[in-house]
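Small disclaimer: the values here were computed from a predicted structure and weren't measured. Values reported hereafter were calculated over all heavy atoms of this structure, with side chains retained and with hydrogens, waters and symmetry mates removed. Below, chain A is the first sequence line, B the second, and so on; all start at residue 1.
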There are 2 protein chains.
Amino acid sequence: MGRTSTARERLLEATCELLGTRGYSAVGVAEICARADVRKGSFYHFFDSKQALTLAAVDSHWTTQRTHWNHVLSAADTPPLARLRRLLDDQAEAQRRAKRETDAVHGCLFGNLALELSNQEWVVQSRLAEIFDEQIAMVQLVLAEAAAEGAVAADRAGRVTARAVLAQLEGIVMLAKLGNNPAVLDDLWATVRLLIGC
Amino acid sequence: MGRTSTARERLLEATCELLGTRGYSAVGVAEICARADVRKGSFYHFFDSKQALTLAAVDSHWTTQRTHWNHVLSAADTPPLARLRRLLDDQAEAQRRAKRETDAVHGCLFGNLALELSNQEWVVQSRLAEIFDEQIAMVQLVLAEAAAEGAVAADRAGRVTARAVLAQLEGIVMLAKLGNNPAVLDDLWATVRLLIGC
């Protein structure tokens with residue numbers, strides 16, 4: 001089948017990469033096609049618009065990430081809070097790896113798009129909101145397991161706490177990206193422990 | 001003097017507004033000039049480029065905000081933690097007001113730019129990093145006052161805690177902006193109390 005058969009995947013990969021390093025408005029279809037080594041005519045065979053491609057790239061990124069989150073958060077032989085810590089450690093490590101390999105902390109694709117696009121691209125925004133809701137629900141579930149084992153108090157195992165954990169992750173990743181310095185992520189777990197009281 | 005004398009200020013105001021609602025890359029000099037009712041020729045009398053204008057708009061916004069932060073955080077007749085709470089309540093109220101008046105949560109100008117521009121506009125990025133550092137230092141100072149009065153433990157009054165407070169604010173404002181829903185800010189102070197242990 002050769003390269004043509006992977007054109008759609010290459011477009012999605014190039015989009016995730018360019019959205020991470022340059023943002024939505026700064027990147028055009030021509031640049032995405034060039035990076036993906038796909039002709040513009042082929043692009044419109046797969047996607048109607050940059051918005052449609054962005055939605056597909058967001059979905060593709062979340063499908064991969066959700067599989068990883070589910071794997072880590074449901075590891076049956078590990079206590080719930082150790083799973084949550086592993087998840088947060090993995091997020092921090094992803095930023096450190098980007099810094100090592102590309103010399104740039106890329107941040108969170110969803111957070112980057114959330115702040116650039118809110119108020120103007122409602123379709124993408126609404127998909128991002130669903131993804132964050134899903135992430136909060138996943139954290140809430142593992143907190144509920146921890147509460148059932150007595151590892152955290154029941155009043156720290158609800159949606160407000162889970163949302164605060166996600167907000168802390170996004171806020172610290174923002175500072176890491178801005179300073180291009182993943183070291184600020186070193187204290188993430190210690191900070192999250194304060195939020196959940198363990 | 002008429003409108004011409006305020007052209008620079010109008011450009012800065014229009015820039016803050018358009019950066020908040022549409023982002024950096026999506027907005028051009030022509031649109032900023034139209035919004036500010038300033039001719040393009042006059043624009044280049046004041047600013048060399050969109051980047052220079054953005055830097056000036058960021059500085060202008062921070063100058064105003066810093067005055068407010070200093071006023072609130074140094075209120076001598078108010079206990080330190082009550083000052084910090086007042087500051088955070090004010091940030092939440094600003095997002096609620098934007099929602100009431102414009103039907104859109106605008107988020108934090110600095111956070112929005114931080115995630116859109118990191119990795120590409122180093123001059124703006126470095127100014128934003130300085131501003132966040134200054135904000136963290138201001139929060140750290142009021143936490144140190146609280147620790148001196150015994151209102152918080154000394155090990156919760158350092159830079160790591162102050163940074164976590166800022167990260168929580170930015171992360172929650174991101175979720176408020178994304179969902180166009182300022183209600184998620186209602187729990188901000190309760191969450192920050194967990195971080196500082198009071």
Side-chain angles (χ1 to χ4, degrees), chain A residues 20-27 102-108 110-122 125-126 128-129 131-133 136 156 159-161 163-181 184 186-188 190-192 194-197, chain B residues 20-27 102-108 110-122 125-126 128-129 131-133 136 156 159-161 163-181 184 186-188 190-192 194-197:
Chain A
T21 52
R22 312 223 303 113
Y24 181 87
S25 299
V27 170
T102 69
D103 200 34
V105 172
H106 291 168
C108 163
F110 308 132
N112 298 347
L113 284 173
L115 288 196
E116 184 185 346
L117 294 188
S118 293
N119 308 332
Q120 41 182 340
E121 291 275 359
W122 298 103
Q125 176 174 6
S126 124
L128 293 169
I131 290 171
F132 278 119
D133 274 345
I136 290 167
R156 298 283 190 97
R159 183 170 167 80
V160 170
T161 306
R163 192 173 59 204
V165 170
L166 246 296
Q168 188 65 35
L169 172 63
E170 289 295 326
I172 283 288
V173 165
M174 174 193 288
L175 295 176
K177 177 170 177 166
L178 181 63
N180 198 22
N181 175 18
V184 300
D186 293 350
D187 300 299
L188 178 59
T191 302
V192 166
L194 299 174
L195 292 173
I196 60 184
Chain B
T21 52
R22 310 224 304 113
Y24 181 87
S25 300
V27 170
T102 69
D103 200 35
V105 173
H106 291 167
C108 164
F110 308 131
N112 298 348
L113 284 172
L115 288 196
E116 185 185 346
L117 294 188
S118 293
N119 307 331
Q120 41 183 341
E121 290 276 0
W122 298 102
Q125 176 174 7
S126 125
L128 292 169
I131 289 172
F132 278 119
D133 273 346
I136 291 166
R156 298 281 189 99
R159 182 170 168 79
V160 170
T161 307
R163 192 172 59 202
V165 171
L166 246 297
Q168 188 66 34
L169 172 63
E170 289 295 325
I172 283 288
V173 166
M174 174 193 288
L175 294 176
K177 178 171 175 164
L178 181 64
N180 198 24
N181 175 19
V184 300
D186 293 350
D187 300 299
L188 179 59
T191 303
V192 165
L194 299 174
L195 292 172
I196 60 186

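Of all heavy-atom pairs spanning A:L115 and B:G111, the tightest one is CD1-O, 3.5 Å. Listed here is the closest heavy atom pair of A:K177 and B:Q125: O-NE2, 3.4 Å.
Between atom CD of residue A:Q168 and atom CD of residue B:E170 there is a gap of 11.5 Å, rounded to the nearest 0.5 Å.
Options A:G171, A:G107, A:C108, A:A129 differ in how many heavy-atom pairs under 4.5 Å they form with chain B, and the most are formed by A:G171. Heavy-atom pairs under 4.5 Å with chain B peak, among A:V184, A:V27, A:I172, A:L188, at A:V184. Among B:D103, B:V192, B:L169, B:L195, the residue with the largest count of heavy-atom pairs under 4.5 Å with chain A is B:L195. Note: A:A164 leads A:A26, A:G23, A:G197, A:A164 in heavy-atom pairs under 4.5 Å with chain B.
With sequence neighbours left out, the side chain to side chain donor-acceptor pair (under 3.5 Å) criterion links B:T102 to B:H106. Under the ring pair (Phe, Tyr, Trp, His ring centres under 6.0 Å) criterion, B:F110 pairs with B:H61, sequence neighbours left out.
Contact of A:L128 with chain B is made through backbone and side chain together, with heavy-atom distances under 4.5 Å. Only the side chain of A:D187 comes within less than 4.5 Å of a heavy atom of chain B; its backbone N, CA, C and O stay farther away. For B:L175, the part lying near chain A is the side chain, with the backbone staying farther off; criterion is any non-hydrogen pair under 4.5 Å.
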Assess the residue pair B:L194 and A:L194 against the criterion (side chain to side chain contact (heavy atoms under 4.5 Å, CB included)); give the C-alpha distance rounded to whole Å, side-chain angles, the decisive distance to 0.1 Å, and a yes or no. CA-CA 6 Å; B:L194 299 174; A:L194 299 174; 5.7 Å; no

